[in-house]
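So the structure is just underneath, and the comments pick up after that.
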Amino acid sequence: MTLASPAQAATSLAVTIRNLNKQYRAAPHPAVNNISFAILEGSVLALLGPNGAGKTTTVKMIAGLVLPTSGDVDILGCNVFSQRAQAIAHVGAVLEGARNLYWRLSAWENLLYFGSIRLVPRRQLIQRADELLALFELTAHKHQPVREFSRGMQQKLAIACSLLHDPAILLLDEPTLGLDVKAAKTIEEIIGYLASERRKSILLTTHQMHLAEEVAHDIFVMNEGVQVVYESKESLLKRFDMQGKIVDVELSSSPAEETLAQLRSAFPSVDQQMNGGIETLSYSSHNQQEMLTFINTVDTLGCRIDNIRYRRPTLEEVFLTLTEKKTT
Amino acid sequence: MKWVQILVAEARRELHRSVAYRLEFVADQVLFILGFLLLSGLFYILSDGGYTEKQQLMSLVGFITWRVADGVILRSVSTIDEETQWGTLEQIWLAPIPPRLVFFCRSTIILVSYMLRAIFIAAILLLSLRLTIHFSISMFAVFLLAQFGVIGTAYILMGLQLAFKRTVSLTLAFTTSLLFVTGALAPIEHVYWLTIAVRFLPLGPGIHLLQAEIEQPLSMIHLWLSNEGIWLVCHSIVYLVLGQIVFAWGERYALNSGHLGQY
Ligand SMILES: Nc1ncnc2c1ncn2[C@@H]1O[C@H](COP(=O)(O)OP(=O)(O)O)[C@@H](O)[C@H]1O
Ligand SMILES: [Mg+2]
């Protein structure tokens, strides 16, 4: 795989990481094992992987918060480790699980503090802080202590604080972790807006494939510190699309245990789940005939079929296939 | 000009923090006032009336100086501990300036904040014990110099906290023991080895000089020409330099082991 991201060509690189390794002292295995990738200017790269894959360590190395055992990170042409101040001036980061804010202080005081230590000139800082509060719909809570905020509001403010110096690059480690569906949706929209309207280059790590599927251009999947896949989202989904489509058979009521057992013996990989309150049987195959047989069997077993849909696999299903293959 | 902006930001943060923690803030002052009154009463009883006004003043000056140092060191170390949990420490490391500059400004603001509290505590104690003190410029100079050495000490302990984490209770034990071993409260002349050791300990020479000035006021010129004055200057410089070295080492260690954030 070449360093230039597979998504598009001819744009310049915002972040380049080369042969990055991290072995924590006293850890049995390297947390990050020789990975390389690039983030194009104005694009979103989703770094995916199960717990302990090395995502957070990678993000922190890019931000210069963890020193690698070997390898390099360049941010808009500046090396993070040898030209820290210049490189870091282009970066905003919201790290995983942490508050990233002073809870006892108000939203406004947080903005002023973090803008000041980033050396944003005062007049500009006040103007930006107000703009960001308005953009994130927090103006009404400007002088409220952050600890009284909901998780979603806190996360929005943390992102606002990381944008005060108008960085070209934004690193978001699990930005929707622990948020309710509505708040997660808002964060998702913000990320989309920042990438498409503000041309930010964004690296995000997430467990929520839905988020990556919505906003990412490129996908980097890692597991146990090593690269599993590095590809544009489109081509990754297309590749899996060619390996097979999925048919969702929606039923009007839950099938009996017995029926399900019979179905499973004929089609071991059938997946039963509730999809938005609708009982759904999913089956994946590259063979059209086999799919028809599946639908027929469901029908002859006496299940009442409401709807039949063919679709591509979701990123989540692709991700599970990829990481399972790797671990087994 | 960078540091002015950071100094202002730190001052503002400290002010808002004090307001947010106002109950704790008031309780803290009351605790120290009552603590000193209690100890001083105890000394009075134990010494069977031999606890003179001069000795009371010496204890008071020692106590107040220690109180400021205790505040500066403890707050500097616990701020690193808390902010590691909060993730705000990593945000400080994401600023395009050396973090030790932020922490120097922070320690300076903490120092000013504790000096203001000390003035308040001292005033109340002087009034309630009916003592008067002849405060001189040279005493203030000695006090400030001693506190610069304390900032150096805070840097050393912050470096250790960065590297090893969970050093706050050790730091607390350390600052508390300083109250007794430096002779801040009660004279230590009867323990010979301690009188030697205290010259090297943080705060030791400063408290010694301040108490000597109660006994016999010194002019600025005499102060800087005395062996003790020169020793204090060297002592503070050595602690400041040591602080920078240990802090830099701790920072490096934390960057290698991922200790800037929660893990
Ligand atoms: N500071 C640290 N010290 C030692 N080991 C660590 C540290 N941080 C992470 N690890 C280990 O490194 C591996 C990768 O962790 P992490 O980067 O947090 O993965 P992820 O974010 O993908 O869950 C894990 O096995 C974790 O236990
Ligand atoms: Mg993580």
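Letters go in sequence order (proteins before strands), and every chain restarts at 1.
Crowding of R151(A) atom CZ: a count of heavy atoms from other residues, nucleotides or ligands under 6.0 Å exceeding 12. No more than 12 heavy atoms of other residues, nucleotides or ligands lie within 6.0 Å of CZ in R100(B), so this atom counts as exposed by the packing criterion. The 12-atom threshold is not exceeded at CD of E137(A), counting heavy atoms of other residues, nucleotides or ligands nearer than 6.0 Å. Counting non-hydrogen atoms of other residues, nucleotides and ligands closer than 6.0 Å to CZ of F140(B) gives a total of 12 or fewer. Other residues, nucleotides and ligands place more than 12 heavy atoms under 6.0 Å from the CZ atom of F135(B). Within 6.0 Å of CZ on F104(B) lie no more than 12 heavy atoms contributed by other residues, nucleotides or ligands. Taking a 6.0 Å sphere around NZ of K142(A), one finds it holds more than 12 heavy atoms contributed by other residues, nucleotides or ligands. For I137(B), the CD1 atom sits in a loose shell: 12 or fewer heavy atoms of surrounding residues, nucleotides or ligands are nearer than 6.0 Å.
Interface remark: L94(B) contributes backbone and side-chain atoms alike to the contact with chain A (heavy atom separation under 4.5 Å). Only the side chain of L105(A) comes within contact range of chain B, judged by heavy atoms closer than 4.5 Å. No part of V80(A) comes within reach of chain B, as not one of its non-hydrogen atoms sits under 4.5 angstrom from that chain. There is no contact between L101(B) and chain A, counting heavy-atom distances below 4.5 Å. Of the two parts of E83(B), only the side chain, counted from C-beta on, holds a non-hydrogen atom closer than 4.5 Å to a non-hydrogen atom of chain A. Using a 4.5 Å cut-off between heavy atoms, L112(A) touches chain B through its side chain atoms alone. With a 4.5 Å cut-off on non-hydrogen atoms, I6(B) touches chain A through its side chain but not through its backbone. Q86(A) does not touch chain B: none of its heavy atoms, backbone or side chain, sits under 4.5 Å away. Heavy-atom distances place both the backbone and the side chain of R118(A) under 4.5 Å from chain B.
Remark: R12(B) engages E109(A) in a salt bridge, criterion side-chain N to carboxylate O under 4.0 Å.
In this structure, OH on Y102(A) lies 13.5 Å from NE2 on H16(B), to the nearest 0.5 angstrom. Distance CG/N100(A) to CD/Q91(B): 4.5 Å, rounded to 0.5 Å. Considering CD1 of I92(B) and CZ of F114(A), their distance stands at 6.5 Å, rounded to 0.5 Å. A distance of 5.5 Å separates CG in L119(A) from CD in Q5(B), rounded to the nearest 0.5 Å. One finds the OH atom of Y24(A) at 10.0 Å from the CG atom of N256(B) (value rounded to the nearest 0.5 Å). Atom-to-atom distance recorded for W93(B):CH2 and I117(A):CD1 is 10.5 Å, nearest 0.5 angstrom.
Relative to the six-membered ring of Y21(B), R104(A) meets both conditions, a distance below 6.0 Å and an angle of at most 45° to the axis.
For the options V66(A), T57(A), I88(A), L65(A), heavy-atom pairs under 4.5 Å to chain B are most numerous at L65(A). Most heavy-atom pairs under 4.5 Å with chain B, from the set L95(A), T69(A), V91(A), N110(A): that is L95(A). Interface remark: of the candidates I97(B), V102(B), V19(B), I97(B) forms the most heavy-atom pairs closer than 4.5 Å to chain A. With chain B as partner, the option from R25(A), H165(A), R84(A), K60(A) having the largest number of non-hydrogen pairs under 4.5 angstrom is R84(A).
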